[in-house]
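First the structure, in the form of structure tokens, and then the observations on it.
None of the values given here were measured: they were computed from a predicted structure.
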Amino acid sequence: MPNKVLRVMSLDAGFCNTGVVITQFRPEDGQWFMPTPPLCISTQKESERRHIYATDDKLRRVKDIYRPLKALVRQYIPSLIVAELPLSGGKSAAAHASMAMAITISGCLSEEYDIPLRNYNWDDIKLAATGARSAGKLEVQQAIARQFPEVALQFVNQRKKSGYRDEFEHVADACGAWLCSQTSDVVAALIKQYKEVSYE
């Protein structure tokens, strides 16, 4: 049975930075809002500082990303997870490994809580946010700031070239993943199910 409250968890899945946005459907006007502030979960390599093996450090970082995601899922019980996931590439073996771990974290979260996962790539995000596949990261951030000013205001930093703290890049991409999902058949089906259950 569909949840009595329809929510979507949107991720910019990464190993160093994971942007997270929760959105909730408001049936009275058919609009979406954010019941909790967006956040960016950040981890960094600490194997040398901690004097531990690189593998142990990677496991620590996976847990540091997964724990807050689990807490959000338990609190908000999303009906869908949407994520920007890397297609391929990477300039090094370490980059490939980091991308694989980001994909795995998203997949495990979906599997553990039996929540459908819809993934998008960077081209999808650019198109949804700006209408152009040729857009750069700054253009995407500016487009997201125009569409979600209440989100952008939380990350303002005039000292930065972009005008926002570094974390906003990842939150903006999570918002972009959410924008991608709005035209999907999955979200349309969830809204239909939700309305049918709500008005029974």
Got more than 12 heavy atoms from elsewhere within 6.0 Å of NZ, K137?
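Buried by this count: over 12 neighbours within 6.0 Å.
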
Is the number of heavy atoms from other residues, nucleotides or ligands under 6.0 Å of Q44 CD greater than 12?
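Counting neighbours around CD of Q44, 12 or fewer heavy atoms of other residues, nucleotides or ligands fall under 6.0 Å, so no.
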
CA sep, side-chain torsions, deciding dist, call: M34, S10, side chain to side chain contact (heavy atoms under 4.5 Å, CB included):
CA-CA 11 Å; M34 296 181 188; S10 305; over 6 Å; no

Shortest non-hydrogen contact from [X] toward [Y]:
| X | Y | result |
| --- | --- | --- |
| A145 | Y164 | CB-OH, 3.3 Å |
| A129 | A143 | O-CB, 3.4 Å |
| L85 | A102 | CD2-O, 4.5 Å |
| G136 | W122 | C-CZ2, 4.4 Å |
| K58 | F15 | O-CZ, 3.8 Å |

Taking the side chain as everything from C-beta on, heavy atoms only, tell me whether [X] gets closer than 4.5 Å to [Y].
| X | Y | value |
| --- | --- | --- |
| W32 | L6 | yes |
| I144 | V151 | no |
| S42 | N17 | yes |

Would you compute the distance between atom [atom1] of [X] and atom [atom2] of [Y] and round it to the nearest 0.5 angstrom?
| X | Y | atom1 | atom2 | answer |
| --- | --- | --- | --- | --- |
| I65 | T104 | CD1 | OG1 | 11.0 Å |
| D12 | E84 | CG | CD | 4.5 Å |
| I105 | R61 | CD1 | CZ | 9.5 Å |
| T130 | Q141 | OG1 | CD | 12.5 Å |
| L179 | D173 | CG | CG | 11.0 Å |

Determine, stepwise, if the pair R60 / D57 fulfils salt bridge (Lys or Arg N to Asp or Glu O under 4.0 Å).
CA-CA 5 Å; R60 172 192 63 81; D57 195 44; 2.9 Å; yes

Would you mind telling me which of V171, I22, V20 makes a side chain to side chain contact (heavy atoms under 4.5 Å, CB included) with P38?
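When V171, I22, V20 are each tested with P38, the side chain to side chain contact (heavy atoms under 4.5 Å, CB included) holds only for V171.
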
Output yes when a side-chain donor or acceptor of [X] lies under 3.5 Å from a complementary backbone atom of [Y], and no otherwise.
| X | Y | result |
| --- | --- | --- |
| S47 | D56 | no |
| Y66 | C108 | yes |
| S110 | S106 | no |

Is there a side chain to side chain contact (heavy atoms under 4.5 Å, CB included) between V187 and F25? Walk through the geometry before answering.
CA-CA 10 Å; V187 168; F25 184 71; over 6 Å; no

Before giving the answer on side chain to side chain contact (heavy atoms under 4.5 Å, CB included), spell out for I41 and D64 the whole-Å C-alpha distance, their side-chain angles and the decisive distance to 0.1 Å.
CA-CA 8 Å; I41 304 166; D64 285 349; 5.8 Å; no

Taking the basic N atoms (NZ, or NE/NH1/NH2) and the acidic carboxylate oxygens, is any pair closer than 4.0 Å for D123 and K126?
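Salt bridge present between D123 and K126.
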
Decide yes or no on side chain to side chain contact (heavy atoms under 4.5 Å, CB included) for L39 and L72, but give the supporting numbers first.
CA-CA 11 Å; L39 75 149; L72 285 169; 3.8 Å; yes

Please determine, by modelled atom types, if T23 and W178 share a side-chain donor-acceptor pair under 3.5 angstrom.
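Checked: T23/W178 side chains pair up, N/O donor to acceptor below 3.5 Å.
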
Side chain to side chain donor-acceptor pair (under 3.5 Å): pairs with one or both residues in residues 142-154, sequence neighbours excluded:
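Pairs touching residues 142-154 that pass the test: none.
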
